[in-house]
Amino acid sequence: MAESAACPAFQLGRPRYDQSSFLGRLKHFVEIIDPSTLFVSEAIIHPDTGEKIFMPFRMSGYVPFGTPIVVGLLLPNQTVVSTIFWQWLNQSHNACVNYSNRNATKPTPSSTFLQGYFGAVTSAVSLAVGLNVLIQKANRLSPATRMIIQRLIPFPAVASANICNVGLMRHNELSEGVDVLDENGNILGSSKIAAKHAIMETAFTRVVLPMPIFVLPPIIMSYLEKLPLLQTNRRLLLPIHSLVCLATFSLSLPLAISLFPQMSQIEVSQLEPEIAMATDCKVVTYNKGL
């Protein structure tokens, strides 16, 4: 068989840009997450189910609906109650986004969704509250250092909870597999190996995504708060903080979800023997999910 016989990528909806390159994916997802597409029908259809995704849980709604939550997570001088509330709200939003943009080639029981949801909320709240308690007991730290560290706590809490969220919510894919497709979009079978790749790639994306969102704003605000303008006009702190969060969120989201193609490829030789025997393709495609 000639080398050119390797099957080309199956591209549902045929994206305008080359999805095999990071730059092409970045251009593609910048368009996908554009909030103006919230009201455009062809940008809100799930590639597996063909159904509309509820507005707050679309990728184009991630930034506008998620930024207020990020602002709340990064507010200084958090109490235990406020920490629990914002972590709960964040993981509730993330769980719905993960579920709405999952690989849906196999049905997902509601029990799986609830398991992932409660697991993510529990891990996020436990880690955030636990780290806050430890920082408050760290008497050797100066007040300024303690405040900066407290502002950075949301990142490890959110990152670990995101991994838990994706893993628990999609663990049924590991036992049932996900559909792999040839160049014509024909289903060749269900692969547990492809499912593992899909979940690992999505989980990695969910760790990279909050890194700049929860690390950069606290650092930027620690410098901006020292400016004479903000020293004399404390009412400007919240709107400026919100703008900083919005900017970092808007930049981070397309960069993170562009790390891997949504319709990812995998060599047939890496898959189960029964799938390899069902096709002459060297490469097949599966929906990684977002």
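As the structure is a computational prediction, the values presented were derived from the model and not from experiment. All values below were derived from every heavy atom in this structure, side-chain atoms included, with hydrogens, water molecules and symmetry-related copies excluded.
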Can you check whether [X] reaches [Y] side chain to side chain, under 4.5 Å on heavy atoms?
{"X": "Leu253", "Y": "Ile213", "result": "no"}
{"X": "Leu181", "Y": "Asn186", "result": "no"}
{"X": "His241", "Y": "Leu224", "result": "no"}
{"X": "Thr232", "Y": "Pro228", "result": "no"}
{"X": "Lys288", "Y": "His197", "result": "no"}
{"X": "Ser264", "Y": "Glu201", "result": "yes"}
{"X": "Leu188", "Y": "Val284", "result": "yes"}

Is there a continuous path of hydrophobic side-chain contacts, each under 4.5 Å between heavy atoms, that joins [X] to [Y]?
{"X": "Met277", "Y": "Val180", "answer": "no"}
{"X": "Leu255", "Y": "Leu209", "answer": "no"}
{"X": "Phe29", "Y": "Phe57", "answer": "yes"}
{"X": "Trp88", "Y": "Phe118", "answer": "yes"}
{"X": "Leu259", "Y": "Ile257", "answer": "no"}

Subject >> Side chains of Asp182 and Thr279, donor plus acceptor under 3.5 Å >> reply: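 Distance-only check fails for Asp182 and Thr279.
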So which atom in [X] and which in [Y] form the shortest heavy-atom distance, rounded to 0.1 Å?
{"X": "Val268", "Y": "Cys281", "answer": "CG2-O, 3.2 Å"}
{"X": "Val208", "Y": "Ala256", "answer": "CG1-CB, 4.4 Å"}
{"X": "Tyr286", "Y": "Ala198", "answer": "CE1-CB, 3.7 Å"}
{"X": "Ile275", "Y": "Ser191", "answer": "CD1-CB, 3.6 Å"}

How many angstroms lie between [atom1] in [X] and [atom2] in [Y], if you round to the nearest 0.5 Å?
{"X": "Phe249", "Y": "Ile33", "atom1": "CZ", "atom2": "CD1", "value": "9.0 Å"}
{"X": "Leu216", "Y": "Ser252", "atom1": "CG", "atom2": "OG", "value": "7.0 Å"}
{"X": "Gln19", "Y": "Ser258", "atom1": "CD", "atom2": "OG", "value": "8.0 Å"}
{"X": "Leu89", "Y": "Ile84", "atom1": "CG", "atom2": "CD1", "value": "13.5 Å"}
{"X": "Asp179", "Y": "Thr285", "atom1": "CG", "atom2": "OG1", "value": "12.5 Å"}
{"X": "Ile266", "Y": "Ile193", "atom1": "CD1", "atom2": "CD1", "value": "7.0 Å"}

Original post:
Hydrophobic cluster mates of Leu174, side-chain heavy atoms under 4.5 angstrom, ILVMFWY only, any path?
Top reply: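 Val166, Ile199, listed by chain and number.
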**OP:** Tell me who clusters with Val207, hydrophobic residues only, linked when side chains sit under 4.5 Å apart either directly or through other members.
**Re:**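 Ile163, listed by chain and number.
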Original post:
Is it true that a side-chain atom of Thr248 and a backbone atom of Cys245 form a donor plus acceptor pair closer than 3.5 Å?
Top reply: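 Yes, the answer is positive, given that a donor and an acceptor are paired below the 3.5 Å cut-off.
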**OP:** Kindly write out the residues that satisfy ring-ring contact (aromatic ring centres under 6.0 Å, His included) with Phe260, not counting sequence neighbours, or none if the list is empty.
**Re:**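 None.
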**OP:** With sequence neighbours excluded, tell me which residues meet ring-ring contact (aromatic ring centres under 6.0 Å, His included) with His28.
**Re:**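 Partners of His28 by the ring-ring contact (aromatic ring centres under 6.0 Å, His included) criterion come out as none, since no residue qualifies.
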Original post:
Passes side chain to side chain contact (heavy atoms under 4.5 Å, CB included), Thr83 versus Val80? Steps please.
Top reply: CA-CA 5 Å; Thr83 298; Val80 172; 5.7 Å; no
Subject >> Results of salt bridge (Lys or Arg N to Asp or Glu O under 4.0 Å) for Glu267 - residues two or more places apart only >> reply: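 By the salt bridge (Lys or Arg N to Asp or Glu O under 4.0 Å) rule, Glu267 matches no residue at all.
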Subject >> side-chain hydrogen bond (donor to acceptor under 3.5 Å, both in side chains) against Gln87, all qualifying residues, sequence neighbours excluded >> reply: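 Result, side-chain hydrogen bond (donor to acceptor under 3.5 Å, both in side chains) vs Gln87: none returned.
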**OP:** Only counting residues at least two apart or in another chain, list the ones meeting side-chain hydrogen bond (donor to acceptor under 3.5 Å, both in side chains) with Thr79.
**Re:**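 Residues passing side-chain hydrogen bond (donor to acceptor under 3.5 Å, both in side chains) with Thr79: Ser82.
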Subject >> Pairs where residues 173-194 contributes a residue and the test ring-ring contact (aromatic ring centres under 6.0 Å, His included) is met, not counting sequence neighbours >> reply: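 Of all non-adjacent pairs touching residues 173-194, none passes ring-ring contact (aromatic ring centres under 6.0 Å, His included).
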**OP:** Enumerate the residue pairs fulfilling salt bridge (Lys or Arg N to Asp or Glu O under 4.0 Å) with a member in residues 23-35, sequence neighbours excluded, ordered by first and then second residue.
**Re:**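 As it turns out, the salt bridge (Lys or Arg N to Asp or Glu O under 4.0 Å) pairs with a partner in residues 23-35, which skip direct neighbours, are Arg16-Glu31.
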Subject >> salt bridge (Lys or Arg N to Asp or Glu O under 4.0 Å) contacts touching residues 204-225 (sequence neighbours left out) >> reply: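 Qualifying pairs: Arg151-Glu225.
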Original post:
Can you name the side chain to side chain contact (heavy atoms under 4.5 Å, CB included) partners of Arg235, sequence neighbours left out?
Top reply: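 Per chain and number, Arg235 pairs via side chain to side chain contact (heavy atoms under 4.5 Å, CB included) with no residue.
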**OP:** Give the intermediate values and the outcome of side chain to side chain contact (heavy atoms under 4.5 Å, CB included) for residues Ile32 and Arg58.
**Re:** CA-CA 9 Å; Ile32 293 295; Arg58 301 169 196 164; over 6 Å; no
Check residues 61-74 and write down every donor-acceptor pair under 3.5 Å in which the side-chain atom is one partner and the other belongs to a residue at least two apart or another chain.
| residue | atom | partner | partner atom | Å |
| --- | --- | --- | --- | --- |
| Tyr62 | OH | Asn94 | OD1 | 2.8 |
| Thr67 | OG1 | Val63 | O | 2.7 |

